[in-house]
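Right, one structure below, let's go through it.
Computation of the quantities below employed the complete heavy-atom set of this structure, encompassing side-chain atoms and omitting hydrogens, waters and symmetry-equivalent molecules.
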Amino acid sequence: MSSPPRFDRAHTDDLMTFLAASPSPYHAVANAAARLAEAGFRQVEETAAWDGSAGGKYVLRGGAIVAWYVPEGAEAHTPFRIAGAHTDSPNLRVKPLPDTGAHGWRQIAVEVYGGTLLNTWLDRDLGLAGRISLRDGTHRLVNIDRALLRVPQLAVHLDRSANTEGLKLDRQKHMQPIWGLGDVEEGDLIRFVAEEAGVDAADVTGWDLMPHAIEPPSYLGRDRELVAGPRMDNLLSVHAATAALAAVAGLADADLPYIPVLAAFDHEENGSQSDTGADGPLLGSVLERSVFARGGTFEDRARAFAGTVCLSSDTGHAVHPNYAERHDPTHHPVANGGPILKVNVNMRYATDGSGRAVFAAACEKAGVPWQSFVSNNAMPCGTTIGPITAARHGIQTVDIGVAILSMHSARELCGADDPYLLANALTAFLAG
């Protein structure tokens with residue numbers, strides 16, 4: 001088998017394009033699908049009968065995508081190599097009755113989604129993006145990428161303790177964005193969104209809309225060795241995994257020992273319990289149907305799953321120079337130090353020693369440095385889709401990612417080399 005291509009700084013340039021074009025999970029999935037289609041993948045509908053033909057295929061469901069590449073001659077029991085990620089990021093989401101306001105200000109009613117850092121949404125120019133659902137059952141993507149909304153912070157003159165005792169924000173009272181002046185009009189926001197989307201407001205029967213910071217991603221630092229941008233948690237991993245799958249599928253003589261898979265789920269930031277989340281049936285259904293479409297039996301399915309490995313890629317914490325005491329004293333991942341292996345013996349991460357060996361082998365094959373992350377024992381540890389994937393499907397899973405700062409902020413920070421180092425490691429892993 002020929003060697004897959006190696007990614008470089010151009011991958012990071014492309015990541016910034018991907019982040020800017022993906023202000024919602026629905027946009028991220030559409031953009032990933034478009035890149036895979038360009039690489040020769042084709043969409044298959046879940047409601048249609050599947051065939052067992054070779055080549056690249058993908059399934060879209062809401063804010064989730066599962067894509068896989070079947071090499072020529074793959075057997076029904078051929079194991080999978082899965083690059084897992086999630087498409088959602090902590091943010092604000094528009095409520096079912098969005099039109100609100102007070103004292104001459106028109107506002108939008110929003111709900112806090114996931115564990116976002118609330119203060120990072122203050123005094124930012126915000127656009128509005130997501131999808132609208134139409135009366136005929138179809139959906140339309142919407143991206144109003146201009147200064148439309150703003151969550152104004154209270155002036156320090158009226159909150160003298162903000163800099164001494166800390167900013168205190170009430171999720172209900174203090175996070176509703178303003179978007180104009182005048183009296184509140186019921187249906188005003190959806191009429192506006194419908195007009196932007198070029199549809200009749202009367203045809204809009206549902207929506208999944210969210211504000212987003214409109215400031216584009218950018219290089220940062222004297223030597224441009226850092227990248228600042230929105231939604232790195234976890235579109236950085238979605239982008240890397242998409243690029244890796246396309247690269248592996250593009251090998252001239254794709255005699256692959258595994259079936260490479262991209263699984264990017266929605267709703268990780270609030271527990272993954274949905275039909276598009278990692279705790280739902282989507283991944284298992286796709287993998288099983290792939291086995292059965294190639295003439296496999298339940299025995300083939302069991303054999304395939306037993307040999308399958310998933311690298312669950314999500315961002316992790318780089319050591320913070322101003323808060324180093326919050327990190328484990330002997331594990332200090334740094335920016336541009338390569339992807340991180342995430343370990344927690346209480347299974348907040350799914351990594352064990354065997355999984356460590358799989359990841360180390362992929363990094364060695366790719367010529368990529370890597371680092372270890374473990375939480376300070378005195379600090380609670382976050383989690384990912386990794387343990388859920390392992391437990392739900394009985395699949396060996398390893399938690400990895402890229403070390404960043406400002407996680408769950410409206411704008412996060414990573415090393416400029418780490419995105420392509422991750423992509424190279426994922427490519428080596430998927431290629432086997």
Side-chain angles (χ1 to χ4, degrees), residues 21-34 36-37 42-50 57-67 86-89 91-101 106-114 126-146 148-149 176-180 182-212 214 231 264-270 272-277 280-282 285-286 289:
S22 304
S24 78
Y26 315 107
H27 289 83
V29 162
N31 289 325
L36 291 172
R42 62 182 176 89
Q43 183 177 359
V44 293
E45 299 292 340
E46 291 186 84
T47 55
W50 292 5
K57 304 170 187 178
Y58 63 88
V59 164
L60 300 179
R61 184 191 290 184
I65 180 171
V66 179
H86 67 88
T87 61
D88 60 320
S89 302
N91 61 4
L92 308 175
R93 303 286 176 101
V94 175
K95 289 184 176 181
L97 301 176
D99 300 295
T100 187
R106 285 189 296 159
Q107 295 174 276
I108 304 301
V110 296
E111 190 173 2
V112 177
Y113 177 85
L126 304 173
L128 191 68
R131 69 176 182 178
I132 52 176
S133 301
L134 305 182
R135 193 174 301 278
D136 62 4
T138 62
H139 305 285
R140 187 71 61 89
L141 293 182
V142 178
N143 183 10
I144 305 170
D145 196 32
R146 65 176 187 270
L148 179 69
L149 310 170
Q176 312 307 313
I178 61 170
W179 76 306
D183 297 331
V184 177
E185 297 181 27
E186 185 177 352
D188 199 16
L189 178 68
I190 299 307
R191 283 192 293 270
F192 169 76
V193 170
E195 182 178 354
E196 290 285 320
V199 300
D200 191 328
D203 289 333
V204 179
T205 55
W207 52 87
D208 301 280
L209 299 170
M210 56 206 74
H212 66 277
I214 63 171
R231 299 176 294 280
F265 303 100
D266 202 352
H267 302 132
E268 189 274 345
E269 297 294 354
N270 62 8
S272 295
Q273 292 186 322
S274 71
D275 69 319
T276 53
L282 179 60
S285 174
V286 168
R289 291 184 68 177

Apply salt bridge (Lys or Arg N to Asp or Glu O under 4.0 Å) to Arg140 and list each qualifying residue two or more places apart in sequence or on a separate chain. none
Please list, chain by chain and in numerical order, all residues satisfying salt bridge (Lys or Arg N to Asp or Glu O under 4.0 Å) with Glu196, sequence neighbours excluded. Arg146
Consider only side-chain N and O atoms of Asp136 and Thr138, and report whether a donor and an acceptor are under 3.5 Å apart. yes
Measuring from atom [atom1] of [X] to atom [atom2] of [Y], what distance do you get when rounded to the nearest 0.5 angstrom?
X: Ile214; Y: Asp145; atom1: CD1; atom2: CG; value: 6.5 Å
X: Leu141; Y: Asp208; atom1: CG; atom2: CG; value: 11.0 Å
X: Arg93; Y: Glu111; atom1: CZ; atom2: CD; value: 9.5 Å
X: Gln107; Y: Ile178; atom1: CD; atom2: CD1; value: 7.5 Å
X: Ile190; Y: Ile132; atom1: CD1; atom2: CD1; value: 8.0 Å
X: Ser89; Y: His212; atom1: OG; atom2: NE2; value: 12.5 Å

Sequence neighbours excluded and cut-off under 3.5 Å, please list the side-chain donor-acceptor pairs for residues 197-206, or say none.
residue: Asp200; atom: OD1; partner: Ala202; partner atom: N; Å: 2.9
residue: Thr205; atom: OG1; partner: Ser133; partner atom: O; Å: 3.4

Name all residues meeting the side-chain contact (heavy atoms from CB on, under 4.5 Å) criterion together with Val184; count only those two or more places apart in sequence or in a different chain, and write none if there are none. Asp99
Please give me the minimum heavy-atom distance between [X] and [Y], naming the atom from each residue.
X: Leu282; Y: Ala64; answer: CD2-CB, 3.9 Å
X: Leu189; Y: Pro98; answer: CD2-CB, 3.7 Å
X: Leu36; Y: Ala67; answer: CD1-CB, 3.5 Å
X: Pro211; Y: Asn91; answer: O-ND2, 4.4 Å
X: Ile108; Y: Trp179; answer: CD1-NE1, 3.3 Å
X: Ala264; Y: Thr87; answer: CB-CG2, 3.8 Å

Return yes if some donor-acceptor pair links the side-chain N/O of Asp88 with the main-chain N/O of Glu268 below 3.5 Å, else return no. yes
Looking at Gln176 and Val110, would you say the former's side chain and the latter's main chain have a donor-acceptor pair under 3.5 Å? yes
May I have the list of side-chain donor-acceptor pairs in residues 43-50 shorter than 3.5 Å, sequence neighbours left out?
residue: Glu46; atom: OE1; partner: Arg61; partner atom: NH2; Å: 2.5
residue: Glu46; atom: OE2; partner: Arg61; partner atom: NE; Å: 3.0
residue: Glu46; atom: OE2; partner: Arg61; partner atom: NH2; Å: 3.3
residue: Trp50; atom: NE1; partner: Glu45; partner atom: O; Å: 3.0

Just distance, no hydrogens or angles: give the donor-acceptor pairs under 3.5 Å from side chains in residues 22-34, sequence neighbours left out.
residue: Ser22; atom: OG; partner: Phe18; partner atom: O; Å: 2.8
residue: Ser22; atom: OG; partner: Asn31; partner atom: ND2; Å: 2.9
residue: Ser24; atom: OG; partner: Tyr26; partner atom: N; Å: 3.3
residue: Ser24; atom: OG; partner: His27; partner atom: N; Å: 3.2
residue: Ser24; atom: OG; partner: His27; partner atom: ND1; Å: 2.7
residue: His27; atom: NE2; partner: Val142; partner atom: O; Å: 3.3
residue: Asn31; atom: ND2; partner: Ala21; partner atom: O; Å: 2.9
residue: Asn31; atom: ND2; partner: His27; partner atom: O; Å: 3.1

Verdict with reasoning, Leu128 to Phe192, per side-chain contact (heavy atoms from CB on, under 4.5 Å): CA-CA 11 Å; Leu128 191 68; Phe192 169 76; 5.8 Å; no
